[in-house]
Amino acid sequence: MPKQTAEVVICGAGIAGVAAAYHLAVKRGLKEVVIVEQGDPLSLTSDKSTEAYRNWWPGPDGAMVAFMNRSIELLEEIAQQSANRIQLNRRGYLYATAEASKIERLAQAAEQAAQQGAGALRVHSRPSAAYPGGPQDGADLLTSQSLIRQHFPYLSPDTQAVLHVRRAGWLSAQQLGMYLLEEARGHGVRLVQGQVVGVETAGGAVQGVLVQQKDGALRFIQAPVFVNAAGPMQREAAALLGVELPVFAELHRKMSFSEHLGVVPREAPMLIWLDEVELPWSLEERALLAEDASTRWLLERLPSGVHGRPDGHGESTTLIVLYNYHTEPLTPTFPIPPEPHYPDVALRGFSVMLPGLRQYFDKAPRPWIDGGYYLKTQENRPLIGPLPVKGAYLVGALSGFGVMAACAAGELLAAHLTGAALPSYAPAFLLSRYQDPAYQQRLKGWGDTGQL
């Protein structure tokens, strides 16, 4: 069996794995870092995301806000260093509601986020020249109907309020991943194609990793450090060490199509509808759906959270729509199983927020459907740090925020691994937090997890 040596072996070349390699090799100077990936880098779920970022993270403390603020700082540094190869913008996130009862909750959440470091809340209850202003932090809450119509005339006329979160936008996940991987490889990181099928330990410490190559041959990489960055396969990778992770997988799909009628302006922010929706069907369609037990659910009220954004540059007319109304835990399987109703549900759900999209009901361009698995903890916070086996680490449970969090997650993982000073938010993401009875009690009343 061929053998080689390394300082660190990383399982997985998704966005988390390449970010970890980048910070270990480029920023911390490790010379022998190996990434093991059985497919193509950045191809399993890292290229299936919304590719968006935000520092808006409601929660009981400021850990996620601080974590995301740091990740955005690192993204901005990369954008500057690379002549914005990663196509980072700052369009913001626009949360909208047609329910006046939600306005006070929006304001309270924004005030809490401000106290945690997300930036100040600015309330606009009447027409104001101060909005939108230049690039800002924090958030703008618009309750003035005339102001909403002036700036967002494409929203439903029923819209009562919008919250424009400003330190937010999107980027090219593929370009970010390739930048990190190229820089890492330029500093000696090696990419090995194969599947991690074993992690050898002795005396409770990692000794090396067994890799099965595409031709079936086995290769042993002797290394004192193993990093589980296996994305949706993190549970299986942890099981190789006899470690069970408190995570579960949800399947999240997205749809994109040519929005050639220009309902959504190309300069629009990320658009999120905060209300439950009842899909708009014709009377004939409702009658047909009601006849079949397998389709009656399409007549029920569906969850909040349908969202989308324009995509592409120049002459692009692409609109991305995401609506995840089935979120039961699943075992990841590839390719992802089909969902025949998804295009209709996503388009009709988003049309509740954007009525102009109803023009596509009978003549929608052919959609492109893909998606991936969000691997999540109960409270939707990541797992970053050491595992209960010496030399084993985890950077995972990045749920739907892997792209936006990757840079800070890789930096934090590298700090743990090299013994560097840890940021204030580091304890919030340790696996060991679940051993704390007080934390377990806290989980029972956690509330908002920040999930879209």
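Every heavy atom of this structure was used, including side-chain atoms; hydrogens, water molecules and symmetry mates were not. All residue numbers in this chain count up from 1 along the given sequence.
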Looking at R167 and A118, would you say the former's side chain and the latter's main chain have a donor-acceptor pair under 3.5 Å? no

On a heavy-atom basis, the closest approach of I35 and A21 is CD1-CB, 3.6 Å

Angle between ring planes, Y323 versus Y325, binned at 30° and 60°: parallel, tilted or perpendicular? perpendicular

Can I get a per-line list of side-chain donor-acceptor pairs under 3.5 Å for residues 86-100, giving both atom names and the distance, sequence neighbours left out?
residue, atom, partner, partner atom, Å
Q87, OE1, H313, NE2, 2.8
N89, OD1, R91, N, 3.3
N89, OD1, W170, N, 3.1
R90, NE, R166, O, 3.4
R90, NH2, Q136, O, 3.2
R90, NH2, D137, OD1, 2.4
R91, NH1, R266, O, 2.9
R91, NH1, A268, O, 2.9
R91, NH2, R266, O, 3.2
T97, OG1, E99, N, 3.0
T97, OG1, D275, OD1, 2.7
T97, OG1, D275, OD2, 3.3

Does a salt bridge link R286 with E278, judged by any charged N lying under 4.0 Å from a carboxylate O? yes

Would the distance check show the side chain of Q440 and the main-chain N or O of Y434 forming a donor-acceptor pair, the cut-off being under 3.5 Å? yes

Quick one: list whatever passes salt bridge (charged side-chain N to carboxylate O under 4.0 Å, His left out) with E339, sequence neighbours left out. none

Partners passing ring pair (Phe, Tyr, Trp, His ring centres under 6.0 Å) against W281 (at least two apart in sequence or in another chain): none

Heavy-atom distance under 4.5 Å between the side chains of M68 and R54, does that happen here? no

If we ignore hydrogens and angles and just use 3.5 Å, is the side chain of Q116 paired with the main-chain N or O of D61 as donor and acceptor? yes

Short question: side chain of E259, backbone of V264 - any donor-acceptor pair under 3.5 Å? yes

Kindly assign one of parallel, tilted or perpendicular to the pair F152 and Y131, based on the angle between their ring planes and the thresholds 30° and 60°. tilted

Rounded to the nearest 0.5 Å, what's the gap from OG1 on T331 to CD on E236? Could you check? 8.0 Å

Tell me whether Q234 contacts the main-chain N or O of A397 through its side chain, where contact means a donor paired with an acceptor under 3.5 Å. yes

What donor-acceptor contacts under 3.5 angstrom involve side-chain atoms of residues 349-356, with partners at least two apart or in another chain?
residue, atom, partner, partner atom, Å
S351, OG, R348, O, 2.7

Just checking, is any N or O donor in the side chain of Y439 or R433 under 3.5 Å from an acceptor N or O on the other one? yes

Compare every heavy atom of V321 with every heavy atom of Y342, then report the nearest pair and how far apart it is. OH-O, 3.8 Å

Any side-chain heavy atom of Q150 within less than 4.5 Å of one from L147? yes

May I ask you to decide if Q160's main-chain N or O and Q145's side chain share a donor-acceptor pair within less than 3.5 Å? yes

What verdict does the ring-ring contact (aromatic ring centres under 6.0 Å, His included) test give for W57 and F67, after you've listed the backbone C-alpha separation in whole Å, the side-chain angles of each residue and the deciding distance to 0.1 Å? CA-CA 10 Å; W57 280 92; F67 178 57; 8.8 Å; no

Could you check whether any side-chain N or O of R296 sits under 3.5 Å from a backbone N or O of A290, counting only pairs where one atom can act as donor and the other as acceptor? yes

Is there a salt bridge (Lys or Arg N to Asp or Glu O under 4.0 Å) between E411 and K27? Walk through the geometry before answering. CA-CA 8 Å; E411 180 184 63; K27 298 297 186 179; over 6 Å; no

Check whether any side-chain N or O of S399 sits under 3.5 Å from a backbone N or O of F401 as a donor-acceptor pair, and report yes or no. no

Are the side chains of L180 and I15 in contact, using a 4.5 Å heavy-atom criterion? yes

Does a side-chain N-to-carboxylate-O contact under 4.0 Å join E182 and R185? no

For residues 443-450, which side-chain donor-acceptor pairs fall under 3.5 Å, sequence neighbours excluded?
residue, atom, partner, partner atom, Å
K444, NZ, Q441, OE1, 3.3
D448, OD1, G450, N, 2.8

State, yes or no, whether a side-chain contact exists between F361 and L347 at a heavy-atom distance under 4.5 Å. yes

Hey, are T143 and S125 close enough side-chain-wise for a donor-acceptor pair under 3.5 Å? no

Take a 6.0 Å sphere around CH2 of W297 and say whether it holds more than 12 heavy atoms from other residues, nucleotides or ligands. yes

Would the distance check show the side chain of H187 and the main-chain N or O of E183 forming a donor-acceptor pair, the cut-off being under 3.5 Å? yes

Hey, could you give me each pair passing salt bridge (Lys or Arg N to Asp or Glu O under 4.0 Å) that has a residue in residues 302-312? Not counting sequence neighbours. E51-R309, R309-D311

